[in-house]
Amino acid sequence: MADRLAGEGCVARAPDLYHGELAEHDEMDKAAHLMNTLPGDRAARDMLGAVDYLLARDEVVGDKVGVIGFCMGGMLSLILGAIGGDKIGAVAPYYGAPIFGNAPDWAGLTAPVSGHYAEVDDFFKPEAIAALEAELRGLGKDVTLKVEPGSGHAFTNETNAMGTYDKDLAEACLAESFAFLRKNL
């Protein structure tokens with residue numbers, strides 16, 4: 001995705017939150033273990049470090065960065081939007097959200113949010129996403145969390161590890177997200 005963003009004219013950075021540990025697309029148990037044991041405070045430091053790194057780059061012309069993430073990365077993108085405050089100019093989460101008692105203090109979320117979620121998702125159910133959107137809007141946040149009809153979790157993942165990849169939907173949503181990032185950055 002970082003390469004794809006670079007192709008869209010963005011300066012992109014993908015922080016290594018697992019510090020070299022990898023799980024292949026067919027190693028779902030290992031991926032779940034890494035995700036469930038990731039120290040939240042370390043992930044926050046790493047993500048904020050990536051933001052500061054980008055903002056210090058000569059190629060970055062603005063004073064804010066955009067954040068995009070998928071599944072756990074979607075959840076972390078929302079958290080980073082809240083803890084990064086005015087350094088974050090746009091948040092584009094995909095099928096992930098802090099709905100498991102791990103929500104940040106939303107007071108720091110100043111960036112607009114435009115997310116894409118799956119209608120058929122055992123991890124992040126549409127009802128929970130609608131409740132989060134209502135909560136954030138109730139706090140005065142500029143948030144749109146769109147549930148894509150007929151889609152399954154990981155619908156943009158080209159490896160199709162879950163059998164839910166939808167090329168047409170993925171391309172449409174990603175084009176929308178790239179336009180959203182350009183508009184807000």
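Heavy-atom basis, side chains included; hydrogens, waters and symmetry copies ignored.
Between V67 and M47, the closest side-chain pair of non-hydrogen atoms is not below 4.5 Å. Contact of the V113 side chain with the P93 side chain is registered, since non-hydrogen atoms from C-beta on lie closer than 4.5 Å.
Under the ring pair (Phe, Tyr, Trp, His ring centres under 6.0 Å) criterion, Y53 pairs with no residue at all, not counting sequence neighbours. Applying the side-chain hydrogen bond (donor to acceptor under 3.5 Å, both in side chains) test to T37 and every residue at least two apart in sequence or in another chain returns nothing. Take K30 and apply the salt bridge (charged side-chain N to carboxylate O under 4.0 Å, His left out) test, not counting sequence neighbours, and it matches no residue. D142 meets the side-chain hydrogen bond (donor to acceptor under 3.5 Å, both in side chains) test with no other residue; sequence neighbours excluded. In this structure N184 satisfies the side-chain hydrogen bond (donor to acceptor under 3.5 Å, both in side chains) test with no other residue, sequence neighbours excluded. In this structure, the side-chain hydrogen bond (donor to acceptor under 3.5 Å, both in side chains) partners of E171, at least two apart in sequence or on a different chain, are R4.
A donor-acceptor distance shorter than 3.5 angstrom exists from the side chain of K141 to the backbone of L109, with no hydrogens or angles considered.
Closest approach of A97 to I129, counting heavy atoms only: CB-CD1, 3.8 Å. When all heavy atoms of G62 and L55 are compared, the pair lying nearest together is O-CD2, 4.1 Å. Among all heavy-atom pairs drawn from I68 and A92, the shortest one is CG1-O, 3.2 Å. When all heavy atoms of A43 and L38 are compared, the pair lying nearest together is CB-CD2, 3.8 Å. The shortest heavy-atom contact between E27 and L22 is OE1-O, 4.3 Å. Closest approach of P98 to M75, counting heavy atoms only: N-CG, 3.4 Å.
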Can you list, pair by pair, the side-chain donor-acceptor contacts under 3.5 Å of residues 8-20, counting residues two or more places apart and other chains?
unit_1, atom_1, unit_2, atom_2, d
E8, OE1, R182, NH1, 3.1
D16, OD1, Y18, N, 3.3
D16, OD1, H19, N, 3.0
D16, OD1, G20, N, 3.3
D16, OD2, G20, N, 2.7
H19, NE2, D46, OD2, 2.7

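Interatomic distance, CD of E176 versus CG of L174, reported as 10.0 Å (0.5 Å rounding). From T159, atom OG1 reaches atom CD of E24 across 10.0 Å, with rounding to the nearest 0.5 Å. Taking CG of N160 as the reference point, atom NZ of K167 lies at 12.5 Å (rounded to 0.5 Å). Atoms CG and OG1, from L136 and T144 in turn, are 11.0 Å apart once rounded to the nearest 0.5 Å. In this structure, L76 CG and M35 CE are separated by 10.0 Å, a value rounded to the nearest 0.5 Å. Annotation: the span from S114 atom OG to K183 atom NZ amounts to 9.0 Å, rounded to 0.5 Å.
The side-chain hydrogen bond (donor to acceptor under 3.5 Å, both in side chains) pairs that include a residue from residues 58-81 are R57-E59, where partners are two or more places apart or lie in different chains. Within the structure, salt bridge (Lys or Arg N to Asp or Glu O under 4.0 Å) pairs that include any residue of residues 117-139 comprise D122-K125, E133-R137 (at least two apart or interchain). The ring-ring contact (aromatic ring centres under 6.0 Å, His included) analysis of residues 156-175, with sequence neighbours excluded, yields no pairs. Identified under the ring-ring contact (aromatic ring centres under 6.0 Å, His included) test for residues 79-103, with sequence neighbours left out: F70-Y94, Y94-H116, Y95-H153, Y95-F155, F100-F124. Counting only residues at least two apart or in different chains, side-chain hydrogen bond (donor to acceptor under 3.5 Å, both in side chains) contacts with residues 96-112 comprise D86-T110.
Residues L185 and M1 are members of one and the same hydrophobic cluster, defined by side-chain heavy-atom contacts under 4.5 angstrom among Ile, Leu, Val, Met, Phe, Trp and Tyr. In this structure, L34 is a member of the same hydrophobic cluster as M162, with clusters built from ILVMFWY side-chain heavy atoms closer than 4.5 Å. Clustering ILVMFWY residues whenever any of their side-chain heavy atoms sit less than 4.5 angstrom apart, transitively, puts L78 in the very cluster that holds F123.
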